[in-house]
Amino acid sequence: MKKKFFSVLAFLAFALFLFSACSSVGSERIRLDTGWTYSLYDPEFDNSGFKELDDEMLSQLERLLPESQGYIWLKKTFELPQSLKGKLLGCYLGRITIADETFLNGTMIGGEGLFPPHEFSAWNRSRLYSIPEKLISDGENTLLVKIWVDGEGSIVSNPFIGEINDATMASKRVAFWASRIQLVFAFFMLGIGIYHLILYAKSRTEKDNFAFGLINVISSIYLFVFYNVEIPSFTGENISFLWFQKIFSSGLPYLLPFLVTMYINSFLKRNDRKPIFIARVVFAVVPVFIVLCCPSYRVLRQMQPLLQAMLIPPMLYIIIILVGKVVQKQRDSLTLLIGFSPLVLAVVLDFLIHSVLNLYDFPYISSIGWQLVILTLLFIMANRFANSKLEVEYLNKNLEKEVADRTKELSESNEQLSLTNEELFTAKRRADRDMQLAVYVQRSFYQSSLPEFEDWDIAWHFTPMAGVSGDLYDFFVHKNVLNGVGLFDVSGHGIASGLVTMLAKTVIDRKFHDGLNEPLANVMSEINKQIGEEKGDIENYLTGVMLRLKGNKVEYLSAGHPKAFFRSGSSGKTVPIEVDGKSGSGGLIGIPMLEPEYSAIGFSVKSGDSILLYTDCLSESRNKNGEEYGYEGITKAFAKADGNAHQKLDSLLEDFKAFTDGVPANDDLTVIVLQKK
């Protein structure tokens with residue numbers, strides 16, 4: 001698949017080259033890419049100073065001027081061939097930097113851009129000047145081009161004099177690739193950017209929408225340097241060319257790697273360490289600051305090699321992130337890596353074509369590579385959105401089925417009312433016996449005690465609502481070392497959910513120990529896959545939270561589960577376990593048709609620090625007034641709890657029972673407190 005993708009991209013690049021380089025078959029041309037002379041003095045006052053111009057210097061005119069700034073006059077003499085006599089002619093000069101006035105036999109036939117004192121470049125406007133028949137001499141003709149050079153100066157894109165239709169076609173071809181297609185891309189990206197920023201405004205948790213929206217908006221603004229020549233009302237007269245280049249052309253590109261890294265981090269649910277983040281900010285801000293401080297466009301051009309070198313570390317960091325996540329086999333990382341590959345290939349091709357082969361007439365394709373990246377990322381974002389919608393639809397469908405099942409149970413209960421007292425007694429005794437057996441079997445799966453751990457103090461509370469529980473807890477112990485903790489909640493109640501807990505416990509325990517050296521997100525993905533396969537058509541799904549413990553390091557992952565809390569041993573401050581606003585949350589467990597994305601976060605603990613895990617009965621239970629205990633109640637109760645793990649647990653449960661006094665629990669309750677010794 002990847003080979004086919006790169007083959008298609010290479011073919012497109014080759015086709016672009018053929019399309020841009022081809023000429024109208026059968027049309028004779030007077031070539032203007034060779035045979036020029038030049039002068040640094042106005043020929044109106046000094047016509048004797050013209051010197052022969054090396055053909056290669058036509059694209060580097062700034063090298064001929066002191067301090068790379070000033071006017072230069074280029075002169076080309078030619079005789080009109082017999083095949084072009086009597087025909088409508090055009091002078092196609094390709095693209096000229098910065099501004100020009102063009103004369104034929106002493107008469108001005110056109111000009112683009114603005115000369116000082118209000119200079120403005122028309123670099124991306126293709127020069128096409130019609131030649132009045134009366135200006136053509138039967139003998140020698142003189143074409144004179146006056147060019148303003150400031151840090152850069154050139155004539156590129158295979159200029160020539162030929163039939164007007166031929167010249168017009170060449171001009172349109174260059175204009176299409178140099179500016180018009182950029183205008184289309186810019187409006188396309190602006191629409192994408194606004195759409196994703198609106199999505200972020202509606203859901204602030206989806207930060208990848210925010211980053212992707214900004215990437216598109218800034219890219220569309222940056223492209224203004226290419227397509228401004230397509231806007232009839234824009235002449236550049238009312239804006240400083242220096243500040244135009246500073247803002248649009250030279251400053252914005254350095255913000256893009258920062259935003260791209262932000263997007264990748266958000267998409268892959270990862271975070272940069274503080275020094276890395278500071279370095280990213282530096283590589284984004286410092287180049288922009290240097291750009292804004294440049295006193296002239298010539299200095300700005302001279303600073304470009306240094307500034308462009310500052311793009312290399314952020315781009316390498318992006319590649320390192322993606323390759324690292326691919327090695328870790330994190331889902332979607334390979335997709336992102338392939339998605340950014342068109343830009344890398346386009347940049348390499350631009351370097352080879354323009355810097356190695358010196359084919360200046362070939363259009364730059366890096367912007368097209370970037371558009372392919374945007375398009376690829378757009379498809380990736382759309383696919384993720386579709387999967388989320390599918391998950392919601394599945395849950396809605398499952399909820400409807402739950403209601404239908406409860407209705408059926410009520411109907412069956414009504415039918416039972418018609419049974420005789422003896423039948424009712426027999427049925428109840430059989431049901432009680434089955435329930436007791438189920439409770440006994442389930443309890444035998446759960447740890448009733450734990451060894452004394454050297455580094456962790458643990459306490460837990462487990463109360464099923466009615467017999468068999470849908471809550472599942474597990475402590476992953478090896479040779480009296482606590483390697484991790486898991487707490488899961490199966491949807492629904494009764495025998496079915498209890499059976500799923502027993503099935504799930506076996507899978508979870510096996511996968512955790514098998515994956516001790518794997519990323520925790522991969523372990524959870526394997527658990528999800530295995531449970532989905534083994535439970536078959538049973539509708540129940542799970543939420544859960546998992547901790548991996550190693551020394552003073554904790555790796556944390558949540559799969560649609562209520563927030564876990566961290567309490568500082570030194571200050572008592574209690575906060576949800578989050579890093580930079582991310583709670584390590586992922587999709588639900590055990591739904592076969594879905595492939596949720598899981599992500600883990602890591603943090604350090606010190607002696608006295610404690611962690612609270614619980615099922616939703618704790619946060620969602622209400623008091624007599626209908627008020628929910630909620631995260632606020634948990635935070636306050638856990639913050640004021642002191643002592644060891646058992647004392648903290650008892651203090652929390654006392655506060656919870658006082659809040660819900662007189663209101664029976666409507667769900668299974670499991671609470672776990674871990675305290676670092």
Where the side chain of [X] meets the backbone of [Y], is there a donor-acceptor pair that is under 3.5 Å apart?
X: Gln647; Y: Asn644; value: yes
X: Ser266; Y: Met262; value: no
X: Lys648; Y: Gly643; value: yes
X: Asn265; Y: Asn271; value: no
X: Tyr614; Y: Lys563; value: yes
X: Asp457; Y: Ala645; value: yes
X: Lys677; Y: Phe453; value: yes
X: Asn522; Y: Pro519; value: no
X: Ser491; Y: Tyr541; value: yes
X: Ser619; Y: Tyr631; value: no

Checking Lys553 against Ser604: is there a side-chain donor and acceptor pair closer than 3.5 Å?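 There is such a pair (donor and acceptor under 3.5 Å, judged by atom type) between the side chains of Ser604 and Lys553.
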Quick one: do the Asp489 and Thr615 side chains pair a donor with an acceptor below 3.5 Å? no
CA sep, side-chain torsions, deciding dist, call: Asp509, Lys511, salt bridge (charged side-chain N to carboxylate O under 4.0 Å, His left out): CA-CA 6 Å; Asp509 185 76; Lys511 293 297 182 181; over 6 Å; no
Close side-chain approach of Trp460 and Leu487, heavy atoms under 4.5 Å: no
If we only count heavy atoms from C-beta on, is the Val605 to Leu549 side-chain gap below 4.5 Å? no
Going by side chain to side chain donor-acceptor pair (under 3.5 Å), Thr670 matches just one of Asp616, Asp471, Thr463. Which one?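 For Thr670, the side chain to side chain donor-acceptor pair (under 3.5 Å) test succeeds with only one of Asp616, Asp471, Thr463, which is Asp471.
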Which of these passes side chain to side chain donor-acceptor pair (under 3.5 Å) with Lys640: Thr635, Thr574, Asp655?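 One option only clears the test, and that one is Asp655.
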What residues form a side chain to side chain contact (heavy atoms under 4.5 Å, CB included) with Met381, not counting sequence neighbours? His196, Asp208, Asn209, Phe212, Tyr263, Phe267
Any residue meeting salt bridge (Lys or Arg N to Asp or Glu O under 4.0 Å) with Glu534, in chain and number order, not counting sequence neighbours: Arg510
Classify the angle between the aromatic ring planes of Phe566 and Phe603 as parallel (below 30°), tilted (30 to 60°) or perpendicular (above 60°).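 Judged by the thresholds at 30° and 60°, the geometry between Phe566 and Phe603 is perpendicular.
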Take atom CG in Asn517; do more than 12 heavy atoms of anything else shown fall under 6.0 Å from it? no
When [X] is tested against each of [options] for side-chain contact (heavy atoms from CB on, under 4.5 Å), which residue passes?
X: Arg548; options: Asn483, Leu557, Val523, Val485; result: Val523
X: Val323; options: Ile319, Ile320, Val326; result: Ile319
X: Leu612; options: Leu652, Ile577, Leu649, Leu674; result: Leu652

Minimum heavy-atom separation for Leu520 and Ala600, please, with both atom names.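 Heavy-atom minimum between the residues: CB-CB, 4.0 Å.
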Shortest non-hydrogen contact from Val477 to His513?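 So the two residues come closest at O-NE2, 4.0 Å.
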Are Phe659 and Tyr629 an aromatic pair by the rule of ring centers under 6.0 Å?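 Yes, the ring centres sit under 6.0 Å apart.
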Rounded distance [0.5 Å steps], [atom1] in [X] versus [atom2] in [Y]:
X: Ile634; Y: Lys636; atom1: CD1; atom2: NZ; answer: 12.5 Å
X: Asp661; Y: Asn623; atom1: CG; atom2: CG; answer: 10.0 Å
X: Leu542; Y: Ile591; atom1: CG; atom2: CD1; answer: 9.5 Å

Side-chain ion pair, Arg567 and Asp642, N-O less than 4.0 Å: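 Looking at Arg567 and Asp642, the cut-off is met.
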